[in-house]
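Along the sequence shown, the residues carry numbers beginning at 1. Every number for a ligand or one of its atoms is a count from 1 in the order of the listing.
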Amino acid sequence: MATVLDDIIVGVREDLADRVRLVPAAEVEAAAAARPAALDAWAALGGGAPVRDLRIIAEVKRKSPSKGALAEISDPAALAAQYERGGASVISVLTERRRFNGSLADLDAVRDAVGIPVLRKDFTVDEYQVHEARAHGADLVLLIVAALDDARLRGLLELTHELGMNALVETHTEEEIDRAAVLGARIVGVNVRNLKTLDVDRSVFARLADRLPAEAVAVAESGVRGPEDIAYYAGLGAGAVLVGEALVTHGDPVTRVEDFKRAGAAAIAGRLAAH
Ligand SMILES: O=C(O)c1ccccc1NCC(=O)[C@H](O)[C@H](O)COP(=O)(O)O
């Protein structure tokens, strides 16, 4: 039986075919090559150093398959600028159209509004999307292990690095973490939302955190309701947390990000004191 993720990817491929007809691959590749160098998202997320501070990846998310409409977001650039002011390290922009009501125009607007790395959050299945992400100023792309076989995952990760970008390599199981680790993924996320059933189970991060490669940035994704969930993930060793709904539905995104940073820092201090 087709899962939610399978259905999303069918739509992603159809939209992709339309874009390829409009803008041929050679044109997108040239536009990507003409961009100034990508910002170093790995460093921005604390890569290569012991975790002493929790980094927030703050998402621009209008709608989702699990919740439907979340927020109006008439000005994604203004929202992203508020996230940056609150202390976010990376902005995630959903660009998938059918299920998330996102667009490359959102990515363009956010890119122009902030000075920190930007993640093109989409269901990447083809090299074209990586060049396209770079052409629109993204510094990292999302690679969902469950959606890619090993050869494709390797190819997309290599292309990402060739373009000077990073990838957030997303996992949900032990086996997926091992597949990401073998390929030398440098930023590895555990999405506690099962993309096949849409169940959210924060304890998935507790179960998998120790299996994440020690040299990679460990990202906890989804399911944050408030500072207590941030503290939970940080206490388990997350170096960064990706938050969507809890930010876009809050009236004061600057303060919300600040609160999350504070909760994360306190949990990390507690974790360090206990070891
Ligand atoms: O959010 C969904 O319903 C969803 C469904 C199917 C595939 C992906 C989905 N979301 C993408 C994400 O992983 C989240 O946007 C991101 O981690 C933030 O999650 P949250 O903080 O729970 O909004």
Going by the 4.0 angstrom heavy-atom rule, the piece of R193 near ligand 1 is side chain
For R211 and I177, the nearest pair of non-hydrogen atoms, with its separation, is O-CG2, 3.4 Å
Counting heavy atoms under 4.0 Å, the part of K121 that contacts ligand 1 is side chain
Regarding R21 and D18, does a basic nitrogen lie under 4.0 Å from an acidic carboxylate oxygen? yes
the protein heavy atom lying closest to atom 3 (O) of ligand 1 turns out to be S66 OG, 2.5 Å
among protein heavy atoms, the one nearest atom 7 (C) of ligand 1 is L195 CD2, 3.4 Å
Taking distance alone, with no angle check, do G244 and ligand 1 share an N/O pair under 3.5 Å?
yes
In terms of heavy-atom contacts, does CD of E72 have more than 12 from other residues, nucleotides or ligands at under 6.0 Å? no
the protein heavy atom lying closest to atom 17 (O) of ligand 1 turns out to be S222 OG, 2.6 Å
Near L198 (heavy-atom distance under 4.0 Å), the atoms of ligand 1 are 5 (C), 6 (C)
Numbered in order shown, the ligand 1 atoms found under 4.0 Å of a heavy atom of E245 are 20 (P), 21 (O), 23 (O)
Within 4.0 Å of some non-hydrogen atom of I8, the atoms of ligand 1 are 6 (C), 7 (C)
Regarding ligand 1, does N191 bring an N or O atom to under 3.5 Å of one of the ligand's N or O atoms? yes
For R120 and A133, the nearest pair of non-hydrogen atoms, with its separation, is CD-CB, 3.7 Å
For L119 and V141 the tightest heavy-atom approach is CD1-C, 3.5 Å
the protein heavy atom lying closest to atom 15 (O) of ligand 1 turns out to be E59 OE2, 2.5 Å
The closest protein heavy-atom partner of atom 1 (O) of ligand 1 is K61 NZ, 2.9 Å
Exercise. May I ask you to decide whether R193 forms a salt bridge with D199, counting only side-chain N to carboxylate O separations under 4.0 Å?
Key: no
of all protein heavy atoms, closest to atom 9 (C) of ligand 1 is F100 CZ, 3.5 Å
Side-chain donor-acceptor pair present, D122, T124, cut-off under 3.5 Å: no
So for ligand 1, is E170 a polar contact partner (N or O within less than 3.5 Å, distance only)? no
- [ ] Go through the side-chain N and O atoms of E176 and T171 and say whether any donor and acceptor fall under 3.5 Å apart.
- [x] no
Any donor-acceptor pair under 3.5 Å linking the side-chain atoms of N191 with those of H172? no
Legend entry - Non-hydrogen atom of A246 closer than 4.0 Å to ligand 1: no
Numbered in order shown, the ligand 1 atoms found under 4.0 Å of a heavy atom of L242 are 16 (C), 17 (O), 18 (C)
If we number the atoms of ligand 1 from 1 as shown, the ones under 4.0 Å from a heavy atom of V243 are 21 (O)
| Salt bridge R225-E245, side-chain N to carboxylate O under 4.0 Å | no
Pair R55-S89, side-chain donor/acceptor within less than 3.5 Å: no
